[in-house]
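Everything on this sheet refers to the single structure shown next.
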Amino acid sequence: MSAYRTRRPARAPSASDIAERDAFAALTAASTTSVRASAEAWRNGLTAFLTLVTTGVIIKGRDTAAGLPAPWLVAVTVLIGGGLLTAVIGLWLTLAAQAGTRPGAVTLHDIHRRYNSVAAYQVAVANQAARRLRIAQGVVAAALALLIGGVVTTWWAPPPSGGKTAYVRVNHQGKSSCGTLRSADGGRIRLRMPGRHELLTVPFGTVTNFKIVTSCR
């Protein structure tokens, strides 16, 4: 069995080869920092977006969904709730890409045992962060689609049906009249009373009480 003998390269490295090696080393050293800076920008933007959307949902969501038919209300809840949950997951992935999720210290021995060199370790860390950032971007796109779907659903939802009619009960000249309010101008109140074709006209000066009721019975 012959002993292993090293072989000299055919030629010495040129100036361009050395420059390429140094440029690659600098690129490798900066790769993790570059990816994490990009993840930080995504994190800031996504945090602001989540704050804006959540504030809008809390302030206007209840009023927007009030009176929607049950199937449409369920659809809006699933879309907007799913969009917010998905956006939170995207934010977590972005944070993981920025800060990393591997706890504990890494020794030089561990790096050499697993990656053979520090440069290879830096490339692996940068690739992992970039992969998480790409996944986070896809998750954020899905969150946007869900949220936009929820908003569009509220636009196309049918108007509330079967709502109760509000009636007005007016006490005047010792009498009580009840009906739907048609107008209140010129010093007079005009009511459409159930079972009567003509409007009832009541002068303001004769009114002793005025209140909204759900029924004239």
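FYI, the numbering just counts along the sequence from 1.
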Keeping to residues at least two apart or across chains, list the salt bridge (charged side-chain N to carboxylate O under 4.0 Å, His left out) pairs with something in residues 191-214. none
Shortest non-hydrogen contact from [X] toward [Y]:
X	Y	result
G150	V76	O-CG2, 4.2 Å
G83	A143	O-CB, 3.5 Å
T86	A142	CG2-CB, 4.3 Å

Evaluate the side-chain proximity of [Y] to [X]: yes if any heavy-atom separation is below 4.5 Å, no if none is.
X	Y	answer
V88	L84	no
R169	N209	no
L181	L191	yes
I80	L146	no

For residues [X] and [Y]: do they belong to one hydrophobic cluster (side chain heavy atoms under 4.5 Å, members Ile, Leu, Val, Met, Phe, Trp, Tyr)?
X	Y	result
F204	L200	yes
L199	Y167	no
W156	I148	yes
W72	V78	no

Sorted by first residue and then second, give each disulfide (SG to SG under 2.5 Å) pair with at least one member in residues 172-217; sequence neighbours left out. C178-C216
Does N171 offer a backbone N or O that forms a donor-acceptor pair with the side chain of T208 under 3.5 Å? yes
Identify the residue among T94, V140, I89, L93 that makes a side chain to side chain contact (heavy atoms under 4.5 Å, CB included) with I135. L93
Interatomic distance, CZ@R188 vs OG1@T201, rounded to 0.5 Å, equals 6.5 Å
